[in-house]
Amino acid sequence: MVSTAPNVPGEPGSTIRPERVLRVRGHRPLRGEVTISGAKNAALKALAATLLTPDEVVLDNVPMIADVLSMANLLRSLGAIVEIDPTRERVAVRVERIERTDPPPELFKATRASVVVTGPMLAREGQISFSLPGGDQIGKRPIDMHLRGFQRMGAKLTREGSDILATANRLQGARIYMDYPSHTGTEALLMASTLATGTTTIVNASAEPEIVWLGNMLIRMGARISGLGSPIITVEGVERLRGVSEVVIPDRLEAGTFALAAAITGGEVTLAGVREPHMLPLTEKLLEAGADIWHRDNRMLVRAGRELQAVDIQTLPFPGFPTDLQAAFMPLLTQAHGVSVVHERVYEDRLRYTEDLVRMGADIRVARFGDNGQFLATSAEVHGPTPLTGARVRALDIRAAVSLVLAGLVADGETEVAEVHHIDRGYARFVAKLTGLGADVQEASAST
Ligand code: EPU
C-alpha cells in the first residue's frame with residue numbers, strides 16, 4: 001500500500017493545485033454511465049471511528065476527496081498510522097495509542113466532520129481539547145447538542161472563547177434527548193457511548209443512511225447497538241472494540257447530482273452503484289418534475305422524459321428531502337414550467353448561491369421566515385422556465401458549486417465558476433465524470 005498520492009490534493013508528495021476555475025458550455029445532453037463514489041459523509045465518520053480501537057481498520061470505496069485527506073491528517077496528528085491507496089480507493093488506519101489529545105487547530109477546523117472525533121476521543125482517551133470546527137459557511141453550525149450529550153454522560157467541559165476542553169474518567173451511559181436530530185451530533189454521541197459504562201439512549205436521533213451504515217460498522221467492531229434508522233438508538237457499552245474491514249456506501253448526494261444533471265440537460269444517464277432506498281426523496285421529486293427513473297439491482301437510469309414541471313421542496317432530516325441536494329435541484333426548477341417553492345429548513349444561509357443564478361437569468365425570489373432571530377426557513381420562489389446565460393460566478397460551498405456547474409450545463413454561452421476548490425472537498429473526479437458523459441467542462445487556472 002502506498003501512502004503518497006501525487007494526484008490526491010493535500011497528500012504528502014502531491015503538488016499544491018493552484019486556484020482553478022471551471023468553464024462550462026451548455027446545451028449538451030448527458031448520456032452514458034457514471035460510477036458513483038463512496039459517500040463523503042459516511043467515510044469521514046468511519047475514519048473517526050478508527051480511534052475507538054487499537055486494531056487496524058480497513059475501508060474500501062473511500063472517495064479520494066480533500067475532506068478525506070483532511071481527516072486523515074487529523075487522525076495522524078492524534079497518533080494514527082494512516083495508509084492511503086488512491087488507486088484502490090482504500091484507507092487503512094491503525095491507532096495503537098493516542099499520542100495527543102490537542103489536535104492542531106488548523107487540522108481540526110478544516111472540516112465540520114472533525115467534530116465527530118470528539119466522541120471516540122472522550123470514550124477511549126477521556127480527553128480532547130479543540131476549537132469549534134469549520135466546514136461550509138451555510139448558516140449557524142453550533143455543537144451544543146453534542147456537548148450537552150457528553151455532559152449527560154459525565155464529561156466535564158471547560159470553555160475559553162471558542163476553545164473547549166472535554167474530559168471524563170470514563171463516560172457513563174445516559175438518556176440523551178436531542179432537540180433536533182443532528183447528523184454529526186448523533187454520530188459523536190453514538191461513538192462515545194460504545195465504550196461507556198451501561199446503557200445510553202439517544203432520543204430524537206438522526207436516521208440519515210450514513211449513520212445507519214456507521215452504526216452497523218460499529219456493531220461489526222463489537223459494539224452493542226439497537227434502533228439504528230429509528231428516532232431512538234440504544235447502546236450497551238462494551239470494554240473494547242476490534243478492527244474491521246468495511247466498504248463505504250455509495251454517495252447518494254453525488255448520485256443525486258448526476259441524476260439532476262441528466263434530467264436538466266435532456267439526457268439519459270445510468271448511475272452505477274446506488275442504493276434505491278437512499279435515493280427516495282430525490283427520485284420522488286424528480287418523477288414529480290417529469291423525469292423517468294428506473295432502478296435495477298444497484299443501478300438507476302434517469303431520463304429527462306416529458307417537459308419539466310414546477311415542484312415544491314422542503315429540506316428536512318432523512319427521509320425528508322436532503323438539504324445537500326437543494327442547490328443542485330434549483331437549476332432544474334429554473335427550467336420547469338410554473339412556480340416552484342423551495343423551503344430550506346436546515347441551514348439559514350443555504351440559498352445565497354441563488355444570487356448567481358439570478359445573474360444568469362433565473363427568476364428566483366428569496367424570503368426568510370423566523371421570529372426574534374429564530375430561523376424557521378429560508379424560501380425561494382422559482383418562476384420558470386427562464387433561459388439562462390453564461391456568466392462569471394463564484395462557488396460558496398460544495399453544494400452551491402455543483403449547482404452553478406449544473407446551471408452552466410443549460411445556459412447559453414460560457415459559464416465560468418470560480419473557487420472550485422469546494423468541489424474537491426466533496427466530489428471525486430467530478431470534471432472527469434461529467435466530461436465522460438459528454439459535458440463540455442474544462443478546468444483552467446484562475447489567472448488565464
Ligand atoms: N444544530 C444545532 N445544534 C447542534 C447541531 C446542529 O442547532 O448542536 C442545527 C444546525 O444549526 C443546523 C441543523 O441543526 O441548522 C442541522 O445540523 P446537523 O448537526 O444535522 O448537520 P451537521 O452534522 O453539521 C451534516 C453534514 C452536512 C449535512 C447535514 C444535514 C457532515 C460532515 N455534514 O452536517 O453535509 O448537510 O448533516 O444532513 O456530515 C455537505 O456534505 O455539504 C454538508 C454540509
Side-chain angles (χ1 to χ4, degrees), residues 32-47 49 58-65 67-68 88-91 113 181 183-184 186-187 190 205-220 225 227-231 233 244-263 268-288 291-303 313 315-326 328-329 398-399 402 426-430 433 437:
E33 180 168 314
V34 61
T35 302
I36 300 307
S37 297
K40 165 177 92 80
N41 288 341
L44 294 173
K45 320 315 170 42
L47 286 168
V58 179
L59 300 171
D60 281 303
N61 200 33
V62 177
M64 289 296 126
I65 52 176
D67 273 14
V68 161
R88 294 165 75 189
E89 301 188 325
R90 168 173 285 191
V91 180
H183 188 148
T184 51
T186 304
E187 290 163 334
L190 175 64
S206 168
E208 304 283 333
E210 293 78 15
I211 295 172
V212 176
W213 175 78
L214 173 72
N216 282 316
M217 170 177 158
L218 294 168
I219 289 172
R220 282 188 283 278
I225 303 171
L228 290 167
S230 84
I233 298 179
V244 74
S245 204
E246 284 290 333
V247 181
V248 176
I249 44 168
D251 195 318
R252 62 192 165 111
L253 306 172
E254 186 200 23
T257 304
F258 282 103
L260 288 161
E268 184 171 324
V269 170
T270 301
L271 312 172
V274 295
R275 298 219 177 152
E276 183 175 356
H278 298 179
M279 301 302 297
L280 244 189
L282 176 79
T283 47
E284 285 301 315
K285 285 293 157 182
L286 262 179
L287 287 167
E288 200 183 322
D292 295 323
I293 293 173
W294 292 268
H295 280 279
R296 195 162 168 190
D297 302 325
N298 282 347
R299 301 161 92 75
M300 173 172 157
L301 174 69
V302 184
R303 195 169 64 192
I313 285 174
T315 68
L316 285 170
F318 190 84
F321 190 90
T323 172
D324 296 314
L325 282 175
Q326 173 263 106
F329 214 100
I398 304 176
R399 311 299 169 188
V402 298
Y427 287 79
R429 301 188 307 281
F430 185 61
K433 288 185 181 186
L437 295 171

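No hydrogens, no waters, no symmetry mates; every other heavy atom, side chains included, goes into these values.
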Would a distance-only check, ignoring hydrogens and angles, find a side-chain to backbone donor-acceptor pair under 3.5 Å from [X] to [Y]?
X	Y	value
Asp251	Lys40	yes
Trp213	Ala43	no
Ser37	Ala428	no
Gln326	Thr315	no

Distance from [X] atom [atom1] to [Y] atom [atom2], nearest 0.5 Å?
X	Y	atom1	atom2	value
Ile225	Asn216	CD1	CG	8.0 Å
Asn41	Ile211	CG	CD1	9.5 Å
Thr270	Arg296	OG1	CZ	11.5 Å
Phe329	Lys285	CZ	NZ	7.5 Å
Asp60	Arg90	CG	CZ	4.0 Å
Asp292	Leu287	CG	CG	7.5 Å

Salt-bridge contact Arg220-Glu246 (side-chain N to carboxylate O under 4.0 Å):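 So Arg220 pairs with Glu246 through a salt bridge.
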
Could you go step by step and tell me if Leu253 and Arg399 meet the side chain to side chain contact (heavy atoms under 4.5 Å, CB included) rule? CA-CA 9 Å; Leu253 306 172; Arg399 311 299 169 188; 3.5 Å; yes

Over all atoms of both residues, closest heavy-atom pair of [X] and [Y]:
X	Y	answer
Phe318	Ala207	CD2-O, 3.4 Å
Leu228	Val212	CD1-O, 3.9 Å
Ile233	Gly227	CG1-O, 3.8 Å
Ile65	Gly426	CG2-C, 3.8 Å
Gly215	Leu190	CA-CD2, 4.1 Å
Leu437	Gly32	CD2-C, 3.7 Å

Are [X] and [Y] packed together at the side-chain level, in the sense that at least one heavy-atom pair is separated by less than 4.5 angstrom?
X	Y	result
Arg252	Pro209	yes
Glu208	Pro317	yes
Thr283	His295	yes
Leu301	Ile293	no
Pro231	Pro181	no

side-chain contact (heavy atoms from CB on, under 4.5 Å) with Thr257: which of Leu282, Leu271, Val402?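 When Leu282, Leu271, Val402 are each tested with Thr257, the side-chain contact (heavy atoms from CB on, under 4.5 Å) holds only for Val402.
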
Under the side chain to side chain contact (heavy atoms under 4.5 Å, CB included) criterion, do Phe430 and Glu254 qualify, and how do the steps go? CA-CA 9 Å; Phe430 185 61; Glu254 186 200 23; 5.9 Å; no

Worked check of side chain to side chain contact (heavy atoms under 4.5 Å, CB included) between Lys45 and Thr184: CA-CA 9 Å; Lys45 320 315 170 42; Thr184 51; 4.2 Å; yes

Show your reasoning for whether side chain to side chain contact (heavy atoms under 4.5 Å, CB included) applies to Ile36 and Met300. CA-CA 11 Å; Ile36 300 307; Met300 173 172 157; over 6 Å; no

With Glu33 via salt bridge (charged side-chain N to carboxylate O under 4.0 Å, His left out) - residues at least two apart: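 Arg299.
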
